[in-house]
Amino acid sequence: MEQLALLAPAPGSEAWCARFNELHVDLGTGDARYALRLARQRADLGVVGVDTCLDHVRGHARRWPANLALVQCDAAALPDALDGRVNRISVNFPYGRLLTGLLDGDEALRARLGAVLAMGGGIEVRINASALAGTGHSLATAEEALSNVCRCLGCDSVRCRRLDAAELRRFPSTWAKRIGFGREAVAIEVVGGCRVDGAPGALPP
Ligand SMILES: C[S@@+](CC[C@H](N)C(=O)[O-])C[C@H]1O[C@@H](n2cnc3c(N)ncnc32)[C@H](O)[C@@H]1O
């Protein structure tokens with residue numbers, strides 16, 4: 001799929017990636033609030049926010065931290081320069097193709113995520129209950145589907161838990177807060193830790 005636009009600083013360049021000790025990709029970044037927070041917390045972390053639509057991002061690129069890059073493209077078409085370099089992937093409250101791609105084990109998406117993930121890297125996915133309407137999934141089957149994605153990506157440790165209203169309200173993304181204050185304030189969180197040279201991947205705290 002075509003990469004539609006590349007906003008400054010150029011995340012497609014190997015030089016940009018090489019400036020950082022670690023890379024984090026936030027898929028379906030929306031207004032990029034979560035990605036921006038991550039970038040502000042750690043200057044040595046390169047953060048790439050990815051979305052098919054970046055119209056909800058506020059502020060001008062000149063005011064973003066130098067370690068934040070926003071890329072407008074499909075999650076299944078991540079730039080090649082990220083290959084083998086990404087230490088962490090987050091997917092917070094996806095909908096549309098990104099949601100169904102994860103739940104249905106879309107091969108193209110899975111292959112691309114597998115290609116960008118570095119040895120020892122991991123993935124964290126959060127899905128709200130209301131997003132599952134019409135997908136044919138319950139919270140339990142969605143947890144199973146996401147656990148399978150983690151295993152297919154080489155994760156040797158997978159942790160599932162539920163997020164309640166209070167946790168959703170505290171979570172630093174716009175959709176989490178919206179869901180947390182809504183009527184069906186529950187979500188699943190699936191976190192996969194990946195293998196490094198045969199050693200079990202560590203799960204984050
Ligand atoms: C509900 S919003 C969540 C935004 C943000 N993660 C948050 O927590 O506030 C879901 C986002 O997923 C994006 N999205 C849907 N399908 C996608 C795909 N195939 N590739 C990249 N982004 C996608 C949408 O454009 C939308 O911005």
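These numbers come from the heavy atoms of this one structure, side chains and all, not from hydrogens, waters or symmetry mates. Owing to the predicted nature of the structure, the values given are computational and were not obtained by experimental measurement. For ligands, and for the atoms within them, numbers begin at 1 and follow the listed sequence.
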If only side-chain N and O atoms count, and only distance matters, is there a donor-acceptor pair under 3.5 Å linking Asp26 with Ser90? yes
What ring-ring contact (aromatic ring centres under 6.0 Å, His included) pairs are there with at least one residue in residues 141-166, not counting sequence neighbours? none
is_close_aromatic(Phe171, Trp175), centroid dist under 6.0 Å: no
Among all protein heavy atoms, pick the one closest to atom 27 (O) of ligand 1 and tell me residue, atom and distance. Asp51 OD2, 2.7 Å
Does Thr29 approach ligand 1 within less than 4.0 angstrom via side chain, backbone, both or neither, non-hydrogen atoms only? backbone
Starting from atom 19 (N) of ligand 1, locate the nearest protein heavy atom and write down its residue, its atom name and how far away it is, to 0.1 Å. Asp74 OD2, 3.1 Å
List the residues meeting side chain to side chain contact (heavy atoms under 4.5 Å, CB included) with Arg151, not counting sequence neighbours, and say none if there are none. Glu144, Ser147, Asn148, Val158
Thr174 heavy atoms within 4.0 Å reach ligand 1 at atoms 9 (O)
For the 3.5 Å polar cut-off, considering only N or O atoms, please tell me whether Gly28 and ligand 1 meet it. yes
Write out the residue and atom name of the closest protein heavy atom to atom 8 (O) of ligand 1, then the distance separating them to 0.1 Å. Ser173 OG, 2.7 Å
Looking only at protein heavy atoms, identify the closest one to atom 17 (C) of ligand 1 and say how far it is in Å. Leu98 CB, 3.5 Å
Side-chain ion pair, Asp74 and Arg112, N-O less than 4.0 Å: no
Please determine whether salt bridge (charged side-chain N to carboxylate O under 4.0 Å, His left out) holds for the pair Arg42 and Glu22, giving the CA-CA distance in whole Å, both sets of side-chain angles, and the decisive distance to 0.1 Å. CA-CA 10 Å; Arg42 273 185 59 188; Glu22 292 183 19; 3.7 Å; yes
Among all protein heavy atoms, pick the one closest to atom 9 (O) of ligand 1 and tell me residue, atom and distance. Trp175 N, 3.0 Å
Close-contact set for ligand 1 against Tyr95 heavy atoms, below 4.0 Å: 1 (C), 2 (S), 10 (C), 15 (C), 16 (N), 24 (C), 26 (C)
Mind checking whether Asp31 has an N or O less than 3.5 Å away from an N or O of ligand 1? no
Ignoring hydrogens and angles, state whether a donor on the side chain of Thr29 or Asp51 is under 3.5 Å from an acceptor on the partner side chain. no
Which residue and atom name correspond to the protein heavy atom nearest atom 10 (C) of ligand 1, and how close is it? Phe93 O, 3.5 Å
Are any of the side-chain nitrogens in Glu124 or Arg88 under 4.0 Å away from the carboxylate oxygens of its partner? yes
Do me a favour and list the nearest non-hydrogen protein atom to atom 20 (N) of ligand 1 with residue, atom name and distance? Ala75 N, 3.0 Å
When distances are taken from atom 23 (C) of ligand 1, the protein heavy atom at minimum range is Thr52 OG1, 3.8 Å
